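Computed from a predicted model, the values in this text were never measured in an experiment.
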Amino acid sequence: MTSLFALVDCNSFYASCERVFRPDLRAKPIVVLSNNDGCIIARSAEAKALGISMGAPYFKCRDMLRRNGVAVFSSNYALYGDLSSRVMNVLERFSPRLEVYSIDEAFLDLSNVPGGGAHHARRLRATVLRWTGIPVSVGLGRTRTLAKIANRFAKQQPQCRGVFNLECSPKPELVLSFMPVRDVWGIGRRHARRLEAHGVHSALDFRDLDSNWVKRRMGVTGLHTQLELRGISCFGWDHRPGVRKSVLSSRSFGRPVERVAELREAVAYHTERAAEKLRRQKSVASGVTVFLETNRFAPGAPQYSNSGFTAIHPASLHTPILLGAALSLLDRLFREGYQFKKCGVMFSGLEQERGRWLSLFDTPDEVHSGHAQLMQTLDGINGRWGRDTVHFAASGLQRTWTMRQEMRSPRYTSVWSELPVAKAE
DNA sequence: TCTGGGGTCCTAGGACCC
DNA sequence: TCTGGGGTCCTAGGACCC
């Protein structure tokens, strides 16, 4: 039995989320900005039609957006994350095997669905829309890469009405020939440029290229992509990455930061965030990296960027230990006289909390279990009452360096005081 | 004034070993 | 003429993803 992958992808996800509680915005152009209101990271179909490009810096197109009556939102991850998990919960009902690939995408195993899967996919699509308000597109193919291509086709061709099955297509090669090679999953800007210079323009051209050439120029990753286009699945269900191998928290500042006191707050803040992620996946960290950088888009200003690493032994999940390491790294890295734009904290060398490696001289677990309990209590409070209800003094109270978010919509679904109110007139 | 944040995997090359 | 030949492990950097 050949396998059948479905890729379900939410249409203009962040923009669609903003629309769920704002019916007045239906059919209106919407864009959503990145953290710090830096650039455009999501556009509704109407905004795309206006020629607004992905990643465009906001300050460069602000006037154009205003002239065209585009609704502009800062990122509201509390809202997007919640709607995402609602969508995924619905999808679970449609396949025994679901892999959440990103906040707005999931792969489903539809291998054993009677009737070829397309009918099933239509029901899925209608259910998600009805239950969550989010429109999705579904692409089906015998490999993940082909499902991705089918998904794109489903989005582009109105006659597909949001669902396309490449396996039932009378002309699959025609579909591949419409797909620019630069848009194939796994082929980025660099490789696309080289391929185009070599006369390879479509997914079909790439599929039929000499495999030795592909292996030599693009490594095994490129070869896998090519095999997937030929219908040979290289990315199955078994090699799924369960827990992360590193966790990171970082952000640009809302304004340039020069004082070490403010940087210490920011580094402490990121340490707390990253440590929460660490504990959420039940890991301990054996290394901490801190980095900081000035604004590389300000070529006149003096530039400085640096990063430092410290090993943590024994590996830990205890915020005070991680804070100590991160802050002393910062003191080592900090230089006077620069305007810093961004900093971050990364934990690496992650191990599972249970059954981790200890050396002969390590303090055994009974000491650390006190740490684990304290952290569990902390995470419990913050999980129940909201992030930052309880936090370490080191991450500051004023936080004058935080990002800008001037156009964020209410967190309709996750904060009591921001629930939508229905009025009868 | 103003340009995101968070990940993964692969490869090449150096250090080191016998 | 010819200066061993494999291994392993680690790291930095490249390329990619959303």
K.L.:
Starting from P on dG5(B), measure out to CG on Asn36(A) and report it in whole angstrom.
P.N.:
6 Å
K.L.:
What heavy-atom pair brings Leu317(A) and Met375(A) nearest, and what distance separates the two atoms?
P.N.:
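That closest heavy-atom pairing would be O-CG, 3.8 Å.
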K.L.:
Below 4.0 angstrom from OP1 or OP2 of dG6(B), is there any side-chain N or O of Ser246(A)?
P.N.:
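False: Ser246(A) side-chain N/O out of range (4.0 Å or more) of dG6(B) OP1/OP2.
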K.L.:
Provide, to the nearest angstrom, the distance between the CZ atom belonging to Arg190(A) and the C1' atom belonging to dC17(C).
P.N.:
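Whole-Å distance recorded here is 16 Å.
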K.L.:
Could you state the CH2-P distance from Trp185(A) to dC16(C), rounded to the nearest angstrom?
P.N.:
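Atom CH2 in Trp185(A) sits about 14 Å away from atom P in dC16(C).
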K.L.:
I'd like to know whether the aromatic ring centres of Tyr14(A) and Tyr77(A) sit less than 6.0 Å apart in this structure.
P.N.:
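Centroid separation for Tyr14(A) and Tyr77(A): below 6.0 Å.
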K.L.:
Quick check against the 3.5 Å criterion: does Thr294(A) have a side-chain atom that pairs as donor or acceptor with the backbone of Phe340(A)?
P.N.:
no
K.L.:
Side chain of Ser249(A) only, heavy atoms from C-beta on: which candidate in dG6(B), dA15(C), dG4(B) is closest?
P.N.:
dG6(B)
K.L.:
May I ask you to verify if any side-chain N or O of Lys148(A) is less than 4.0 angstrom from the OP1 or OP2 atom of dC18(C)?
P.N.:
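Checking Lys148(A) against dC18(C): at least one side-chain N or O falls below 4.0 Å of OP1 or OP2.
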K.L.:
What about the rings of Phe206(A) and Trp185(A), do their centers lie closer together than 6.0 Å?
P.N.:
no
K.L.:
Contact class for Val32(A) (heavy atom, under 4.0 Å): base, sugar-phosphate, or nothing?
P.N.:
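No contact at all - Val32(A) keeps every heavy atom at 4.0 Å or more from the nucleic acid.
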K.L.:
Quick check on DNA chain B: between Arg404(A) and Val220(A), whose nearest nucleotide comes earlier from the 5' end?
P.N.:
Arg404(A)
K.L.:
Measure the spacing between CG of Leu248(A) and CZ of Arg273(A) and express it to the nearest 0.5 Å.
P.N.:
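Here the interatomic distance stands at 13.5 Å.
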K.L.:
DNA chain C: stems of at least 3 consecutive Watson-Crick or G-U pairs, cut-off 3.5 Å?
P.N.:
B:5-18 with C:5-18
K.L.:
Nearest 0.5 Å, please: how far is CZ in Arg62(A) from CG in Asp37(A)?
P.N.:
8.5 Å
K.L.:
For DNA chain B, whose closest nucleotide is more 5', that of Pro256(A) or that of Lys215(A)?
P.N.:
Pro256(A)
K.L.:
How many Å lie between OH on Tyr58(A) and P on dT1(B), as a whole number?
P.N.:
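That distance rounds to 15 Å.
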K.L.:
Think Arg251(A) has a side-chain N or O under 4.0 angstrom from the OP1 or OP2 of dG5(B)?
P.N.:
no
K.L.:
Using a 4.0 Å heavy-atom cut-off across all strands, classify Ile103(A) as base, sugar-phosphate, or nothing.
P.N.:
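No contact.
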K.L.:
Using the ring of Trp131(A) (Phe, Tyr or Trp, six-membered ring only), decide whether Arg93(A) places NZ or CZ under 6.0 Å from its centre and within 45 degrees of its axis.
P.N.:
no
K.L.:
Looking for any heavy atom pair under 4.0 Å, which part of the strands does Asp37(A) touch: base, sugar-phosphate only, or nothing?
P.N.:
nothing
K.L.:
Do any side-chain nitrogens or oxygens of Ser252(A) fall under 4.0 Å of OP1 or OP2 in dG5(B)?
P.N.:
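The answer is yes; a side-chain N or O of Ser252(A) sits under 4.0 Å from OP1 or OP2.
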K.L.:
Whole angstroms only, please: what is the CZ-P distance between Phe297(A) and dT1(B)?
P.N.:
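Those two atoms, CZ and P, are 16 Å apart.
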K.L.:
Answer yes or no: is there a donor N or O on one side and an acceptor on the other, between the side chain of Asn68(A) and the main chain of Met64(A), under 3.5 Å?
P.N.:
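Here the side-chain-to-backbone pair exists.
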K.L.:
Among dC18(C), dT3(B), dA15(C), find the nucleotide with the atom closest to the side chain of Lys60(A).
P.N.:
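The listed nucleotide nearest to Lys60(A)'s side chain is dT3(B).
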K.L.:
Any side-chain N or O of Lys342(A) below 4.0 angstrom from OP1/OP2 of dG5(B)?
P.N.:
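Answer yes for this pair, as a side-chain N or O of Lys342(A) is under 4.0 Å from OP1 or OP2.
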K.L.:
Tell me which nucleotide among dC18(C), dG4(B), dC16(C) gets nearest to the side chain of Ile41(A).
P.N.:
dG4(B)
K.L.:
Rounded to whole Å, please give me the gap between NE2 in His270(A) and C1' in dG6(B).
P.N.:
12 Å
K.L.:
For nucleotides 7-12 of chain C, just jot down a letter per nucleotide in 5' to 3' order: B, S or -, based on protein non-hydrogen atoms under 4.0 Å.
P.N.:
------
K.L.:
Leu278(A) has an atom CG; how far is it from atom P of dG6(B), in whole Å?
P.N.:
15 Å
K.L.:
As a test of reading the structure: which of dG5(B), dT3(B), dA15(C) is closest to the side chain of Asn35(A), going by heavy atoms?
P.N.:
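Given the options dG5(B), dT3(B), dA15(C), the side chain of Asn35(A) is closest to dG5(B).
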K.L.:
How many whole angstroms separate atom NZ of Lys245(A) from atom C1' of dG6(B)?
P.N.:
16 Å
K.L.:
Taking the cut-offs as 6.0 angstrom to the six-membered ring centre and 45 degrees off its axis, would you call Arg144(A) and Phe107(A) a cation-pi pair?
P.N.:
yes
K.L.:
Taking the six-membered ring of Phe253(A) (Phe, Tyr or Trp), confirm whether the NZ or CZ of Arg255(A) is under 6.0 Å from its centre and within 45° of its axis.
P.N.:
no
K.L.:
Does a side-chain N or O from Lys341(A) land closer than 4.0 Å to OP1 or OP2 of dT3(B), or not?
P.N.:
yes
K.L.:
Take Arg279(A) and Ser283(A), measure what side chain to side chain donor-acceptor pair (under 3.5 Å) needs, and give me the verdict at the end.
P.N.:
CA-CA 6 Å; Arg279(A) 295 192 289 267; Ser283(A) 295; over 6 Å; no
